[in-house]
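Written below as structure tokens is the structure these notes are about.
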Amino acid sequence: MPSVATSATRIYTFRGWRVEYLAAGDDAPDASSRPAIVCVHGFGANCRQWRRNLPALAAAGYRAYAVDLLGFGMSDKPPPGTVDTAGEAVSYSFPYWSAQLRGFLTDVVAAEGREVAPIPAPAANGTCGDEADAPPPAPVLAVGNSIGCIALMAAMVEEPGCAAGLVAISPSLRMLHVRKRGILADVFAPLAMRALAIGPVGNAFFSSVAEPTALRRVLSKAYAVAPAVDDELIRLLLEPAESPGALAVFLAFTSYDTGPLAEDLLPQLGVPTRLVWGEQDSFEPYRLCGPLAEYDTVRAGGGLVVLEGVGHCAHDEAPAAVNEVVTAFAQRVLGGRAEGVPVPEDAPPVSPLLP
């Protein structure tokens with residue numbers, strides 16, 4: 001399958017910090033009039049993980065981007081609390097990443113798509129919000145995996161209209177969040193977080209994971225498709241883990257047990273959302289995703305696609321299947337349907353398994 005050269009990353013500057021991203025289709029003769037698809041990775045990954053998705057999305061007629069969340073990949077990793085050029089303290093949290101993504105959508109994606117025809121605002125039908133006077137959504141489809149889904153949802157709630165739709169691939173359920181964990185976890189999770197915050201303990205734990213054999217073992221639990229855990233994947237994930245500041249980012253986010261949940265954000269989205277889940281996802285188990293599929297915005301997006309034999313990172317394990325889902329959904333939401341996005345009467349809560 002064609003892939004983007006992972007060495008061809010570009011740089012976007014957010015509040016003084018270097019953020020890497022990959023792009024495809026932005027150099028086409030008609031690039032400035034193409035709608036965009038923007039992909040965001042999950043915890044521990046980076047923009048390079050979308051290398052097998054961007055070429056197919058570009059070939060379908062879109063500008064396709066994959067961007068690092070600050071602190072991941074080879075992007076800058078400023079110490080938490082460092083003051084940025086906007087006078088705000090760096091925080092490896094969804095509000096800060098939301099601001100970063102909104103900046104990327106404006107400064108890079110919108111700037112390179114100056115001639116894209118606007119999309120009519122969704123009709124106020126109670127399905128995806130009742131904002132009768134809402135501005136037309138930007139001609140952008142957001143695609144996220146794991147925590148990338150939550151960061152995108154936060155951006156889309158904070159700035160309604162920054163995207164016309166969302167494909168959420170195994171969104172993080174954040175089971176150790178203070179509002180979700182059980183009694184035992186409520187006791188032991190904070191203790192574990194405090195232990196990791198102790199310099200030598202956290203450093204020893206991180207070092208034990210950030211080496212090829214251990215990383216391959218972790219990925220074999222995240223990925224159900226074994227051949228996808230190849231040397232290239234190990235390299236593109238391990239190199240950033242060895243860069244300065246990676247340990248501080250890891251400790252900051254693993255101790256982050258507050259902030260928004262998918263359940264908080266989905267009801268506030270004013271655009272259709274397509275859920276995609278790996279049936280063999282052991283990190284965010286498929287059996288727990290049912291309630292998310294019942295939100296109006298998800299039903300408006302057609303419900304849930306379940307990929308059989310696939311784990312947590314469906315876009316990298318089964319790129320052809322995910323590319324097909326994303327491009328089909330993009331054709332729908334970026335097509336500018338004036339009638340809005342009513343819930344299909346026959347939309348099932350769970351779609352048939354895809355081969």
Side-chain angles (χ1 to χ4, degrees), residues 23 25-26 30-40 53-54 57-58 60-67 98 101-144 148-169 171 265-276 295-303 305 322-344 347:
D26 61 328
D30 62 343
S32 63
S33 62
R34 288 185 173 201
I37 298 176
V38 177
C39 306
V40 181
N53 308 101
L54 300 190
L57 304 182
Y62 302 97
R63 286 175 295 130
Y65 302 87
V67 61
S98 165
L101 292 177
R102 286 182 279 122
F104 182 77
L105 289 170
T106 298
D107 298 341
V108 177
V109 179
E112 294 180 357
R114 294 178 296 273
E115 300 176 29
V116 183
I119 296 174
N125 54 24
T127 296
C128 289
D130 296 317
E131 301 85 352
D133 298 321
V140 174
L141 174 63
V143 181
C149 299
I150 312 302
L152 282 167
M153 289 180 196
M156 295 164 71
V157 167
E158 186 69 23
E159 188 174 331
C162 71
L166 171 67
V167 176
I169 303 170
L265 300 169
L266 277 172
Q268 301 180 65
L269 291 183
V271 296
T273 299
R274 193 80 158 114
L275 279 184
V276 178
Y295 284 98
D296 284 346
T297 186
V298 177
R299 289 183 58 76
V305 170
V322 170
N323 294 342
E324 183 178 352
V325 171
V326 171
T327 53
F329 195 63
Q331 288 168 7
R332 173 185 169 187
V333 302
L334 299 178
R337 292 189 176 186
E339 71 271 19
V341 285
V343 176

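Please read all numbers here as calculations on a predicted model, not as lab measurements. Hydrogens, waters and symmetry mates are skipped; everything else that's a heavy atom, side chains included, is used.
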request  = Return each pair, listed once, that meets salt bridge (charged side-chain N to carboxylate O under 4.0 Å, His left out) where at least one residue sits in residues 31-40; pairs must be two or more places apart or across chains.
outcome  = D30-R34
Of all the heavy-atom pairs spanning [X] and [Y], show the shortest one and how long it is.
X: A163; Y: V271; answer: O-CG1, 3.4 Å
X: L141; Y: V326; answer: CD2-O, 3.8 Å
X: P267; Y: Y295; answer: CG-CE2, 3.4 Å
X: C149; Y: G144; answer: SG-O, 3.1 Å
X: T297; Y: L266; answer: CG2-O, 3.4 Å
X: P272; Y: G301; answer: CB-CA, 3.8 Å

Counting distance only, does the side-chain N/O of [X] pair as donor-acceptor with the main-chain N or O of [Y] below 3.5 Å?
X: R274; Y: G302; answer: yes
X: T327; Y: L57; answer: no
X: R63; Y: D26; answer: no

Pair L152-L166, side chain to side chain contact (heavy atoms under 4.5 Å, CB included): steps then yes or no = CA-CA 8 Å; L152 282 167; L166 171 67; 4.2 Å; yes
query = Can L269 and V157 be said to form a side chain to side chain contact (heavy atoms under 4.5 Å, CB included), step by step?
reply = CA-CA 6 Å; L269 291 183; V157 167; 3.8 Å; yes
task = Using the side chain to side chain contact (heavy atoms under 4.5 Å, CB included) rule, pick out the option among I37, V140, V38 that qualifies with Y65.
result =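 Running side chain to side chain contact (heavy atoms under 4.5 Å, CB included) over I37, V140, V38 with Y65 returns exactly one hit, V38.
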query = Given side chains that start at C-beta, do those of L54 and C39 come closer than 4.5 Å, heavy atoms only?
reply =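 L54 reaches C39 side chain to side chain.
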message = Within the 4.5 Å heavy-atom criterion, are C162 and T106 side-chain neighbours or not?
response = no
key: Set of residues satisfying side-chain contact (heavy atoms from CB on, under 4.5 Å) with respect to E158, sequence neighbours excluded   =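 Once residues adjacent in sequence are excluded, the partners of E158 under the side-chain contact (heavy atoms from CB on, under 4.5 Å) criterion are S98, R102.
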message = My understanding is that only residues two or more places apart in sequence, or in another chain, count here; which of them pass side-chain contact (heavy atoms from CB on, under 4.5 Å) with A164?
response = I119, P137, L334
query = In this structure, are over 12 heavy atoms from other groups packed under 6.0 Å from E159 atom CD?
reply = yes
